Engineer: 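The structure under discussion is supplied below as structure tokens; questions concerning it will follow.
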Amino acid sequence: MIKRLQRKFVVIAAVCLLIVEFTIIGGINGVNIYQTNKNADDLLNIIIENDGRFPEFDPKGMKHDKPQDNSDSASPPESKKPDKHRGFNEETKYQTRYFVVYADSNGEITKVDTGHVAAVSSSQAIEYGKSVLDSGKTAGTSGNYRYKTGDTDKGKIIVFMDCRSDSATKNRFLLVSCAIGAAGYILVCLLIIIFSKRAIRPVVESFEKQKRFITDAGHEIKTPLAIISANTEVLEMVSEPNQWTVSIKNQITRLNGLLKELLSLAKMEEEKPALTMADFNISDAVYDAASPFTTLAETKGKKLTIDVANGLSYHGDEGAIRQLVSILTENAVKYADEDGEIAVKLFTSHNGKETDLEVSNTCKEPPQGDLTKLFDRFYRDDSSRSRSKGEKKGGYGIGLSIAQAIVRSHKSKISCKAENGMMIFTAQLK
């Protein structure tokens, strides 16, 4: 149980860390890709706004296509002021590789400008332009180029920018961030594994004290019970048995049964329970363990049917499996409705890798809420599992806890469900 708790702690911490890592790395790369694309789009907008040319940089925020001539009375054409936040500087026009395609209002290409790129010829530029015009898109990516279209007085302008360097940078950043994130994740997981014992130490100490208390209390209570039982027998020898002595003996029997099951549960929850694993005929074991309850069911006006597949073999502790069948069958007989039906089935699962033990009983008012609580020690559902005045169902509320411990000691699973007026317990034995 302690190792299982430690594994759960490590798994939960590792999953939470993985989610955080994915969020951080994904967020950083998402922002990086968005910012890179935005910078490219800003440069494309500058080129489009300046009719396919990069403007001259002016530190004061103004740029001109050519030096101003004071002798000319007419003012030279002045380009638009660039946005200072676009990363535009003195070297931008020399670092940016691009080509421009011009088209008229009818969509016919009239001119191309490939003077700012070496990898594309005029004929290739025309093909790129036709592809964009045919697609009807105003922005996007075509091969190694990011493009954007704009409108002019004479038609359309399409600017293609070489983004190979940006793509390589984005990919490199993604790989580096993933590598660093993976290394950090592995390192933190190792630290979690190393320090997990310290994290769950208070729970472990509490569990150990609980087991020690159960064991010590069990041994301490045995002696007083034995004395009370002996004194009761002496009283019955001196005088005739009466309702008081009978009640005392019934309560002694009940307490002895409770102590036996508590000690059995504590033993099953040890890290390495003393189980004798061997191959045995589980079909015979299940039938033999369930058959004695047929008479008990009949005396209560209930019907027990046993449907066991013949010749099934299983590797495990035969005694523990027989105890599992007894606990589940007794539980079903005890809590089945009046004139109800109980069924014990053993069969091979659909995948052929498991042997399923299924014990069911009719139940008009099944427990409500989380049915996994039925496996908690001393748990009783108020509506259908508590003792009523009309029928003393007995039990201590730890039988199903022992059943769960047996199944887990065989590295298997047990579950419970309520459907169609039936309570069904299924042990998937691997």
Side-chain angles (χ1 to χ4, degrees), residues 1-28 177-218 261-275 277 315-317 320 323-324 327 349 351 353-354 356 367 369-381 396-417 425-430:
M1 181 176 179
I2 302 303
K3 288 185 177 180
R4 187 165 61 250
L5 179 62
Q6 184 181 0
R7 283 196 298 268
K8 283 185 177 180
F9 175 81
V10 171
V11 169
I12 292 173
V15 170
C16 292
L17 177 62
L18 186 62
I19 294 173
V20 173
E21 287 257 1
F22 267 118
T23 302
I24 294 175
I25 294 175
I28 292 175
S177 61
C178 288
I180 294 175
Y185 177 76
I186 293 173
L187 177 61
V188 174
C189 284
L190 290 175
L191 292 176
I192 290 173
I193 293 172
I194 293 172
F195 292 104
S196 59
K197 288 185 179 180
R198 181 175 296 181
I200 65 171
R201 183 179 297 169
V203 179
V204 174
E205 291 176 352
S206 175
F207 181 73
E208 292 296 335
K209 289 178 181 177
Q210 182 187 46
K211 287 197 302 181
R212 191 160 51 247
F213 171 78
I214 291 174
T215 304
D216 293 345
E261 291 200 359
L262 279 174
L263 293 174
S264 176
L265 178 60
K267 184 179 180 181
M268 291 302 302
E269 288 185 339
E270 293 287 345
E271 290 298 327
K272 294 182 180 180
L275 298 178
M277 298 296 190
H315 183 80
D317 188 295
Q323 184 183 8
L324 170 65
I327 291 172
S349 61
N351 57 21
K353 297 180 180 180
E354 299 172 350
D356 289 354
D370 186 7
L371 296 182
T372 59
K373 290 184 178 180
L374 296 178
F375 296 103
D376 294 344
R377 63 184 68 177
F378 303 114
Y379 176 81
R380 291 181 182 279
D381 179 75
Y396 318 106
I398 61 174
L400 292 178
S401 297
I402 296 175
Q404 185 183 56
I406 292 172
V407 173
R408 285 180 173 176
S409 67
H410 286 78
K411 303 186 186 305
S412 302
K413 296 180 181 180
I414 186 170
S415 60
C416 174
K417 62 181 178 180
F425 289 86
T426 304
Q428 297 173 304
L429 302 174
K430 298 180 180 180

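In this chain, residues are counted from 1 in sequence order. As the structure is a prediction and not an experimental result, all values here were calculated from the model.
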Engineer: Under the side chain to side chain donor-acceptor pair (under 3.5 Å) rule, collect the residues that match up with Thr426, sequence neighbours excluded.
Structural biologist: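 Side chain to side chain donor-acceptor pair (under 3.5 Å) list for Thr426, sorted by chain: empty.
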Engineer: Quick check for you: to the nearest 0.5 Å, what is the distance between Lys417 atom NZ and Leu371 atom CG?
Structural biologist: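 CG of Leu371 is found 11.5 Å from NZ of Lys417.
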Engineer: Go through the structure and list residues passing salt bridge (Lys or Arg N to Asp or Glu O under 4.0 Å) with Lys8, not counting sequence neighbours.
Structural biologist: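 Salt bridge (Lys or Arg N to Asp or Glu O under 4.0 Å) list for Lys8, sorted by chain: empty.
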Engineer: What is the distance from atom CG of Leu17 to atom CZ of Phe22, rounded to the nearest 0.5 Å?
Structural biologist: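 The distance works out to 11.0 Å.
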Engineer: Give me the atom names and distance for the closest heavy-atom approach of Phe375 to Leu400.
Structural biologist: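 Of all heavy-atom pairs spanning Phe375 and Leu400, the closest is CD2-O, 3.6 Å.
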Engineer: Rounded to the nearest 0.5 Å, what separates atom CG in Leu324 from atom OG in Ser409?
Structural biologist: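 Going from the CG atom of Leu324 to the OG atom of Ser409 covers 9.0 Å.
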Engineer: Which distance, rounded to the nearest 0.5 Å, do you find between the OG of Ser177 and the CD1 of Ile24?
Structural biologist: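 Here the rounded value is 11.5 Å.
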Engineer: Please name the pair of heavy atoms, one in Tyr185 and one in Glu21, separated by the smallest distance, quoted to 0.1 Å.
Structural biologist: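 Looks like N-OE2, 3.5 Å.
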Engineer: To the closest 0.5 Å, what do you measure between CZ (Phe9) and CD1 (Ile193)?
Structural biologist: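 Output value for this atom pair is 11.0 Å.
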Engineer: Indicate yes or no: at least one non-hydrogen side-chain atom of Lys430 is less than 4.5 angstrom from one of Ser412.
Structural biologist: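 Yes - at least one pair of side-chain heavy atoms lies under 4.5 Å apart.
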Engineer: Donor-acceptor pair, Ser349 side chain versus Glu354 backbone, under 3.5 Å?
Structural biologist: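 Yes; at least one donor-acceptor contact below 3.5 Å.
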Engineer: For the atom pair CD (Gln323) and CD1 (Ile402), what is the distance rounded to the nearest 0.5 Å?
Structural biologist: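 Gln323 atom CD to Ile402 atom CD1 measures 6.0 Å (nearest 0.5 Å).
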